[in-house]
Amino acid sequence: MQEYENLKKEYLRGWHTWNNRSVLSHVLMPCGFAFNLGIKEYRTGHHLSEALIGRQGEDVEVIHPGLHAYDGSYTSLNLKWLDIELEISSATINGDIVLMVTPLRNQLKPATLVVESAMLWNRPGLLSRGEDCLMAQLQNDKVILYAQGQPVEDLLVNVKTPSLTLELSAPVYLSSGKLRTPQEIESILKASKQRLEETYAAYGSHSETFKALQSCMAWDTIYEPRKNRVVTPVSRIWNNNHGGYVLFCWDTYFGAFMASLGNKALAYSNAIEITREKTESGFVPNMACGSGVSSRDRSQPPVGSMVIHALYRKFGEKWLLKEVVDDLLQWNQWFYDNRRLPGGALTWGSNPYKPYADNRWESDGVNDRFGASLESGLDNSPMYDHIPFNKDTHLLCLADVGLTGLYILDCECLSRIAAELGLSKEATLLSRRAEETKAALESLWDASFGMYLNRRTDTDLFEKRLSPTHFYALFSDCVSDDRLVRIIDEHFMNPEEFYGQWILPSIARNDPAYPDQDYWRGRIWAPMNFLVYLALCRHRHPAAEKARKILAEKSEALLLKEWLEHGHVHENYCANTGEGCNVVNSDRFYHWGALLGLIALMESDFVPVPGQ
């Protein structure tokens with residue numbers, strides 16, 4: 001729709017950290033002129049030309065991300081590398097950018113700051129260098145970047161375009177548009193930082209929580225040139241491992257909801273772009289990446305309608321609903337046709353398809369149990385370890401409480417969207433579908449165990465391996481108060497299963513796989529806490545309100561632990577210690593980790609609870 005194109009055009013303007021490859025790259029859009037900051041050190045002669053948050057390994061850069069405005073009007077970070085430490089901050093003013101690079105620690109011979117110019121994404125432009133500046137002659141404009149500091153004549157730096165080299169024995173100042181004094185630049189930086197910090201102050205005692213959320217979302221936001229769009233992938237490191245970008249389904253919808261707290265354009269862009277990744281079969285795939293590959297065998301948890309409806313409640317613009325409603329209806333129908341079992345409960349699956357690029361993820365697990373586990377979003381969850389897979393139906397032999405509860409939520413939110421657009425037939429169908437699914441969910445109640453349980457379809461026996469997805473049954477308003485109390489008292493509050501200092505573990509503490517603390521085998525994941533919180537909000541019972549409050553407080557504490565220590569927002573956390581850094585397969589700047597803080601913001605009424 002033209003409304004979206006206008007919104008995107010307006011957002012894709014000015015200076016921002018648009019370039020996925022380095023958080024030290026500042027890009028002017030829409031022209032694509034960039035300057036990238038690099039560091040040359042003289043102990044070994046290495047040149048750090050690209051920097052990413054959360055990179056792991058020996059002698060890699062360590063970045064403590066600071067503030068980052070959604071519009072790029074202010075950024076700050078701390079960088080440590082080979083005994084060098086720098087503070088780097090930027091601000092924009094009237095279409096220009098100013099930057100200050102401050103050395104805090106150095107080697108015996110001070111490092112050199114390398115400022116390299118570039119025209120990104122094959123945009124047209126002519127680059128050149130003056131005595132103390134870099135210049136880009138564009139089709140209809142000219143950009144000049146001035147540098148102030150001690151010049152270094154080093155012709156052996158690893159660059160391929162016009163560049164400037166300055167000694168990092170003292171602060172270095174950069175400014176576009178015109179030459180500004182160091183005092184002017186520092187004044188602009190100070191004022192821009194203060195304006196941004198005022199937005200955090202509005203969240204009171206939760207200001208640091210919002211800062212973590214907003215900083216992570218903004219630093220992870222990039223320009224994706226293949227489809228000319230702004231998106232917020234889960235992290236820049238994940239992008240580089242998937243051909244330049246990767247959009248995961250439920251991750252990106254959650255990112256859209258988080259972005260809505262501070263930037264409508266970014267929220268809309270993420271929600272629309274992941275929906276547009278819908279496959280020819282009619283579902284939003286588990287992933288779509290820069291190589292052109294998408295997971296055409298499987299989808300992921302259907303949270304799109306819930307997020308879109310939440311954005312509509314906040315901003316009230318029907319064009320957003322019109323933009324995505326047909327795709328959401330088709331996606332809901334696909335789940336109904338392809339993942340619904342006799343009796344009405346749903347399960348996860350993986351359908352065979354013809355590969356596009358002979359990519360690993362086009363064959364690993366396809367039409368098998370692993371592919372179905374990937375569709376659940378809980379890749380190596382012990383819940384699915386020994387569940388048979390039916391290659392004829394392409395389904396797990398398991399009625400899944402989690403998916404059944406999420407499908408109820410999807411039907412109800414999509415029904416409201418349809419009603420807002422006057423699609424009465426579709427709204428009625430979806431409401432009826434939700435009621436049918438609620439009735440099917442009731443067949444998964446185990447009175448002796450006091451919980452809704454997954455049920456094997458090949459043996460008709462209940463599975464008692466528990467994860468937080470079992471609490472998604474509470475998305476149904478048919479759950480009685482008596483059952484609700486049992487679910488909370490006997491399971492949520494049970495220290496042998498889910499309760500503890502750090503919650504909620506992704507498999508019950510008494511499960512044989514819990515000690516693994518490997519990915520979904522026991523570690524804590526923010527989306528699980530988030531969805532359990534939303535499900536609890538469906539019930540105005542004291543037991544649910546108590547559990548909800550506990551979950552909000554403990555989730556926020558978990559987020560802040562590593563944010564305050566390291567500036568990390570983790571993909572997952574250890575359920576024993578609350579650490580994220582104790583394993584290598586927990587990305588250190590993965591945006592959905594901030595959902596842990598969003599729960600507390602909802603509990604304190606800063607953010608309306610979606611799906612209600």
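Nothing here was measured: the structure is a model prediction, and the numbers come from that model. Just so it is clear, the values below take in all heavy atoms, side chains as well, and ignore hydrogens, waters and symmetry mates. Starting from 1, each residue takes its place in the sequence as its number.
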S.K.: Using a strict cut-off of less than 4.0 Å between a Lys/Arg side-chain nitrogen and an Asp/Glu carboxylate oxygen, indicate whether Glu579 and Lys561 qualify as a salt bridge.
M.R.: no
S.K.: Under the 3.5 angstrom rule, does the side chain of Glu362 hit a backbone N or O of Asn359 as a donor-acceptor pair?
M.R.: yes
S.K.: Is the terminal nitrogen or CZ of Arg369 (NZ for Lys, CZ for Arg) located under 6.0 angstrom from the six-membered ring centre of Phe389 and within 45° of that ring's axis?
M.R.: no
S.K.: Tell me, with the steps shown, if Tyr407 and Phe335 meet side chain to side chain contact (heavy atoms under 4.5 Å, CB included).
M.R.: CA-CA 8 Å; Tyr407 192 67; Phe335 264 107; 3.7 Å; yes
S.K.: Using a strict threshold of under 4.0 Å (side-chain N to carboxylate O), is an ion pair present between Glu553 and Lys549?
M.R.: yes
S.K.: If we only count heavy atoms from C-beta on, is the Asn20 to Tyr245 side-chain gap below 4.5 Å?
M.R.: no
S.K.: Looking at Glu323 and Arg276, is there a salt bridge between them, counting it only when a charged N and a carboxylate O are closer than 4.0 Å?
M.R.: yes
S.K.: Do Pro233 and Trp238 touch side chain to side chain, with heavy atoms closer than 4.5 Å?
M.R.: no
S.K.: Mind telling me whether Phe498 and Phe471 have parallel, tilted or perpendicular rings, with 30° and 60° as the class edges?
M.R.: perpendicular
S.K.: Do Arg523 and Asn585 get their side chains close enough for a donor-acceptor pair, meaning under 3.5 Å?
M.R.: no
S.K.: In a check of side chain to side chain donor-acceptor pair (under 3.5 Å) between His394 and each of Asn367, Asp368, Asn351, which one passes?
M.R.: Asn367
S.K.: Measure centre to centre between the rings of Trp525 and Tyr519, then say whether the value is under 6.0 Å.
M.R.: yes
S.K.: For Asn454 and Tyr384, which I'm curious about, is there any donor-acceptor pair between the side chains at under 3.5 Å?
M.R.: no
S.K.: So, Arg538 and Asp477, do they make that salt bridge, N to O below 4.0 Å?
M.R.: no
S.K.: Decide, yes or no, whether a salt bridge links Asp385 with Arg521 under the criterion of side-chain N to carboxylate O below 4.0 Å.
M.R.: yes
S.K.: Is the shortest side-chain N to carboxylate O distance from Arg509 to Glu496 below 4.0 Å?
M.R.: no
S.K.: With a 4.5 Å cut-off on side-chain heavy atoms, are His541 and Lys546 touching?
M.R.: no
S.K.: Charged N to carboxylate O under 4.0 angstrom, Glu273 versus Lys227?
M.R.: no
S.K.: Do Lys554's NZ or CZ and the ring of Tyr499 fall within the cation-pi criteria of under 6.0 Å and 45°?
M.R.: yes
S.K.: Salt bridge or not between Arg433 and Glu426? Use side-chain N to carboxylate O under 4.0 Å.
M.R.: no
S.K.: Indicate, with yes or no, if the rings of Trp250 and Phe248 have centres closer together than 6.0 Å.
M.R.: no
S.K.: Under a 4.0 Å threshold between the charged nitrogen and the carboxylate oxygen, would Arg540 count as salt-bridged to Glu545?
M.R.: no
S.K.: Taking NZ, NE, NH1 and NH2 as the nitrogens, is one of them in Arg588 or Glu565 under 4.0 Å from a carboxylate oxygen of the other?
M.R.: no
S.K.: Tell me if the centroids of the rings in Phe462 and Phe449 come within less than 6.0 Å of each other.
M.R.: no
